[in-house]
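This report refers to the structure that appears directly beneath it.
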Amino acid sequence: MTEPIVKIRGLKKNFGQLEVLKGIDMDIEPRQIFALIGASGSGKSTLLRTINQLEEVTEGEIWFDGELVNQKLPHRQRERHLNQLRQNIGMVFQHFNLFPHLTALENVTLAPVLLRRSSKAEAIEQAKILLDKVGLADRADYYPSRLSGGQKQRVAIARALAMTPKLMLFDEVTSALDPELVGEVNRVMKELAQEHMTMIIVTHDLRFAEDVSDHVVFMADGLVAEQGPPSQVFRAPQEERTKAFLQQVFED
Amino acid sequence: MDIELIGRIWPFFAEAAWVTVKISILAIMLGLTLGFTAALASLSRNPVLRWPARSYVSLFRGTPALIQLFLLYFGGPQIGIHLEPFEAGVIGLGVNIGAYMCESIRGAIISVEKGQTEAGSCLGLAHHQVMSRIILPQAARMMVRPLGVNAIALIKGSAIVSTISVVELSYTAHRYISSTYKPFEMFILASVFYLAIVTIFSYGVKWVDRGVALE
Ligand SMILES: Nc1ncnc2c1ncn2[C@@H]1O[C@H](COP(=O)(O)OP(=O)(O)OP(=O)(O)O)[C@@H](O)[C@H]1O
Ligand SMILES: [Mg+2]
């Protein structure tokens, strides 16, 4: 049994009075493809965002690669700790969040160059390889405003990969896309999965979740309601809430 | 309208207009420096920086520019600050417009989507790198127009330095009224020069704005 790359224990998160996460325990093994599903408002995004500390934790522990993520530290030290941590965790957002003042290539090279991961020339070389990998070699010099949603999202994935992360977080990365553009982004994620990148994928696209993941977590009301391999969670759910959720989604 | 008189004295107004231009440009530069510093400070997470910046803005936006100028020029000597009229004019106008410019710059920075900061932080960039490489380049494009509005307000508002006897356009108009008794002509003449300065400046702002626009 390998040591999990992400270990979450007793995680609670409140926004003011609102309890969003009510005690989550979770282990993610290296090379595992995690799908996080559940109704809107169940806390999927919040859970994802606590892992790289875009959201602070109210209670509990998050461990990443053997290190406590939410350590109490003085301000400056905490910032350094988080920057270090985040270099190893890539994140892709629903609305891409590409840097509009930079070309596709510059979006990808920005962090590796600023953080001195590589020389400028190496970073450009690497970025071209990554853009090629996501099928956008010919769009390197385009600004985001001239890319389609699907292309933007693929640049965003390349940008995250440029820091050679050990874990990738995807938060509904195809939800804002026109249906005909979903496939091209899903294909890139599937390819990453086949290369054994460790991934946590929040998605409403249950067919994709079943297809790509090797572990599914169904969240309801700030708690893990059911989890297991996709064959079990999707085909033979144990919990009533899971059944109700699946029924509702597949009816739509 | 005494055209002959206007033809005779307009060169003196042109000279005075140059003083208005100089005092405005220097005050704008001072205002931009103060405004930029105060904007960054007011967005800092450190209250020791935030608090003075916010106070500066509310103090200087909450009191008349004329009173600020008088306080500096007439009140200054009482606490050992002796300034020439021109110097007092630059500082008085610049410090005042800086407070407005701070709000323009702050507004532009705040208007950059939160997702941009998140995307930068997620890559492991430090706070100052996110600011300088991601937020400010985008905010810069959005602050050109509001800063242009501030600057034009300053050019027109610079007329108040005539009250501390800086020999600029308004002062010159007043001076020639007392010798010619022709206020109509004198104020028309001054207005033409103000309008010319403001028009040229507006074109400058538009040109910069187009220059920084996203493709
Ligand atoms: N910054 C915030 N401040 C206050 N409440 C928040 C904040 N972010 C999320 N919430 C609330 O927390 C709850 C869970 O939100 P979250 O975004 O994690 O849900 P989700 O499962 O990702 O939903 P969706 O499928 O719609 O994306 C919601 O009720 C939401 O309104
Ligand atoms: Mg969400």
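The sequence lines fix the lettering, A, B, ..., with proteins before strands; numbering per chain opens at 1. Every value quoted in this text rests on a predicted model; they were computed, and no experiment measured them.
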Answer yes or no: does atom [atom1] of [X] have more than 12 heavy-atom neighbours from other residues, nucleotides or ligands under 6.0 Å?
| X | atom1 | result |
| --- | --- | --- |
| A:Lys128 | NZ | no |
| A:Glu195 | CD | yes |
| B:Glu15 | CD | no |
| B:Arg50 | CZ | yes |
| A:Arg31 | CZ | no |

Within residues 76-99 of chain A or reaching into it, pairs that qualify as ring pair (Phe, Tyr, Trp, His ring centres under 6.0 Å) - sequence neighbours excluded: none
Rounded distance (nearest 0.5 Å) linking atom CG of A:Asn83 with atom SG of B:Cys122: 11.0 Å
Distance in Å, A:Met163 CE paired with B:Leu125 CG, rounded so as to fall on 0.5 Å steps: 7.5 Å
Heavy-atom check, side chain of B:Ile134 versus side chain of A:Leu102, under 4.5 Å: no
Side chain A:His101, main chain B:Arg133, donor-acceptor under 3.5 Å: yes
Heavy-atom donor-acceptor pair, A:Glu79 side chain to B:His127 backbone, under 3.5 Å: yes
All ring-ring contact (aromatic ring centres under 6.0 Å, His included) counterparts of B:Phe187, not counting sequence neighbours: B:His174
Proximal component of [X], with respect to chain B [non-hydrogen, under 4.5 Å]:
| X | result |
| --- | --- |
| A:Arg49 | side chain |
| A:Leu54 | side chain |
| A:Leu169 | neither |

Residues of residues 61-100 of chain B with any heavy atom under 4.5 Å of a heavy atom in chain A: none
Neighbourhood of chain A inside residues 109-118 of chain B, taking heavy atoms under 4.5 Å as contact: B:Lys114, B:Gly115, B:Gln116, B:Glu118
Minimum heavy-atom distance between B:Gln138 and A:Pro100, given as atom pair plus value: OE1-CG, 3.2 Å
Residue pair A:Arg159, B:Leu123: steps toward the side-chain contact (heavy atoms from CB on, under 4.5 Å) verdict: CA-CA 8 Å; A:Arg159 176 176 71 179; B:Leu123 290 165; 3.9 Å; yes
